[in-house]
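Per chain, numbering begins at 1; letters A, B, ... match sequence-line order.
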Amino acid sequence: MPELPEVLMVVQGLTNNGIIGRRITQTTVTWPRSAGGSAEVFSSAVTGRTIQAVRRHGKYIFIDLDSAGNLDPGGTIAVHLRMSGRLYAAPADLPLTGYERVVLSLDDHRDVRFYDPRKFGRMVFYRDSSAITDRLGVDPLNDDFTPSVLAGLLGGRKRQIKALLLDQSVIAGLGNIYTDEALWRAGIHPLQRSNTLTAGKVDSLHRAIRSVLLQGISNGGTRLGGGKGNFIVPGTTSTPRNQNHLAVFGRLGEACPKCGNDIRRIVVAQRSTHLCPVCQVPAGEIQDLSATQ
DNA sequence: CGTCGAGCCTGAAGGC
DNA sequence: TGCCTTCAGGCTCGAC
């Protein structure tokens, strides 16, 4: 689930459910690692505080908390969903599934639940969100993500373009799905070196990144591995539909929507990568295309 | 500086 | 049907 559009939906869901202004009356941690290592440290840091805002940068969600006294500076809960995490508000009497790693009980008989089967995600208290955001690159939906900024990020390095787009310290929010979709839209081969893109291609890539993200949002996010037996998240209202609108990701062997050629799969930056070998023509110096199937 | 492999975890899917 | 293997939307650390 979780790349930028999906994280945005989570933030909107929590905000629309009215958790802002609610006080955390109790904290339950069933997997300490999910809460940063110590259930006690996390619980004592957040219990009693009031939620002031919910926001995000890239794939990180921040639940901002008020100060707990005159000498207390407040803080924020930084949430990263990683592979399988979900974050949502639910009635306190809704039965637990057994996969809730952290539960924040609110003062209106509801919970904020951090549900995460694979335990990769994190929900950690920080005094200041800059501890996280200092290490993150530009958010691609922010106004400061311009074509010239992108050109600067790409031109200074000679990395495989896909590896660079996945690097959260460069651009924060793109994951495997939206990266593949953006590169396809821009007609760029995932292995092309970042500093070999023409100005026109950089502009195309900028537009493609924005448009795949906006499309994902307007389609309610992307869900893969859906189908029977898929777990239902309590409290979820919107249905992700963007998986039905992907051009290349997960479509090995299907026809490219532009040219009709077979979609292929290669491995880039140790990640499964889907592309159209006709529309995404290799340009410049590309290493090792032998992995192409 | 850039790439690679391992590790963190569990459930689903595919092969036999 | 059941067992075993492989794979997965992410990120970090250490090695080369």
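Y60(A) and T133(A) form no side-chain donor-acceptor contact under 3.5 Å, judged by distance and modelled atom types alone. Counting only N and O atoms by type, the side chains of T222(A) and N242(A) include a donor and acceptor under 3.5 Å apart. Looking only at atom types and distance, the side chain of T97(A) has no donor-acceptor partner in the side chain of R113(A) under 3.5 Å away.
Along DNA chain B, the nucleotide nearest F120(A) and the nucleotide nearest K158(A) are compared for position; the residue whose nucleotide lies closer to the 5' end is K158(A). Along DNA chain C, the nucleotide nearest R118(A) and the nucleotide nearest L166(A) are compared for position; the residue whose nucleotide lies closer to the 5' end is R118(A).
The backbone N or O of F120(A) sits nowhere less than 3.5 Å from a side-chain atom of S84(A) that would complete a donor-acceptor pair.
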Counting Watson-Crick and G-U wobble pairs with both distances under 3.5 Å, what is the dot-bracket string for DNA chain C, 5' to 3', using [ ] for crossing pairs and | for pairs to another strand? .|||||||.|||||||
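Rounded to whole angstrom, the span from the CD1 atom of I171(A) across to the P atom of dC11(C) amounts to 13 Å. The CZ atom of R157(A) sits 9 Å away from the P atom of dC1(B) (whole-angstrom rounding). Separating the CG atom of L153(A) from the P atom of dG2(B) is a distance of 12 Å, rounded to the nearest angstrom. As rounded to whole Å, 11 Å separates atom P of dC11(C) from atom CZ of R135(A). Distance NZ (K162(A)) to P (dG2(B)): 18 Å, rounded to an integer number of Å. Regarding R33(A), its CZ atom lies at a distance of 7 Å from the P atom of dC8(B), rounded to whole Å. Atom CD in E3(A) sits about 9 Å away from atom P in dC11(C), given to the nearest Å. Rounded to whole Å, the distance from CG on L81(A) to C1' on dT10(B) is 16 Å.
Across residues 179-186 of chain A, not one residue has a non-hydrogen atom less than 4.0 Å from an atom of DNA chain C.
Closest to the side chain of Q168(A), from the set dC11(C), dA8(C), dC9(B), is dC11(C). The side chain of M83(A) has dA8(C) as its nearest neighbour among dA8(C), dT3(B), dC9(B).
For the salt bridge (charged side-chain N to carboxylate O under 4.0 Å, His left out) condition, the pairs that include at least one residue of residues 151-170 of chain A, sequence neighbours left out, are R159(A)-D167(A), K162(A)-D180(A).
dA6(B) and dC7(C): their C1' atoms are spaced 16 Å apart (whole Å). Here the separation of dC11(C) from dG11(B), taken at their P atoms, is 22 Å to the nearest Å.
Looking at residues two or more places apart in sequence or on another chain, you find no side-chain hydrogen bond (donor to acceptor under 3.5 Å, both in side chains) involving R101(A). R110(A) is linked by a salt bridge (Lys or Arg N to Asp or Glu O under 4.0 Å) to D108(A), counting only residues two or more places apart in sequence or in another chain.
Ring planes of Y88(A) and Y115(A): tilted class, angle from 30 to 60°.
Using a cut-off of 4.0 Å between Lys/Arg side-chain N and Asp/Glu carboxylate O, D116(A) and R82(A) are scored as not salt-bridged. By the 4.0 Å N-to-carboxylate-O rule, R49(A) lies too far from D66(A) to be salt-bridged with it.
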All N/O contacts under 3.5 Å from nucleotides 4-7 of chain B to the protein, with atom names and distances to one decimal?
{"residue": "dG5(B)", "atom": "N7", "partner": "Q270(A)", "partner atom": "OE1", "Å": "3.3"}
{"residue": "dG5(B)", "atom": "N7", "partner": "Q270(A)", "partner atom": "NE2", "Å": "2.6"}

Going through the checks in order, is the side-chain contact (heavy atoms from CB on, under 4.5 Å) test met by T273(A) and L191(A)? CA-CA 10 Å; T273(A) 299; L191(A) 287 173; over 6 Å; no
Can M123(A) and I77(A) be said to form a side-chain contact (heavy atoms from CB on, under 4.5 Å), step by step? CA-CA 6 Å; M123(A) 185 171 200; I77(A) 302 173; 3.5 Å; yes
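Look at R122(A) and you won't find any side-chain N or O under 4.0 angstrom from OP1 or OP2 of dC9(B). Contact between the side-chain N/O atoms of Y99(A) and the OP1/OP2 oxygens of dC9(B) is not found at any separation under 4.0 Å. A close approach under 4.0 Å does occur between a side-chain nitrogen or oxygen of K119(A) and OP1 or OP2 of dT10(B).
Counting heavy atoms from C-beta outward, L213(A) and L174(A) have side chains that approach closer than 4.5 Å.
Using a 4.0 Å heavy-atom distance criterion, R101(A) is classed as making no nucleic acid contact.
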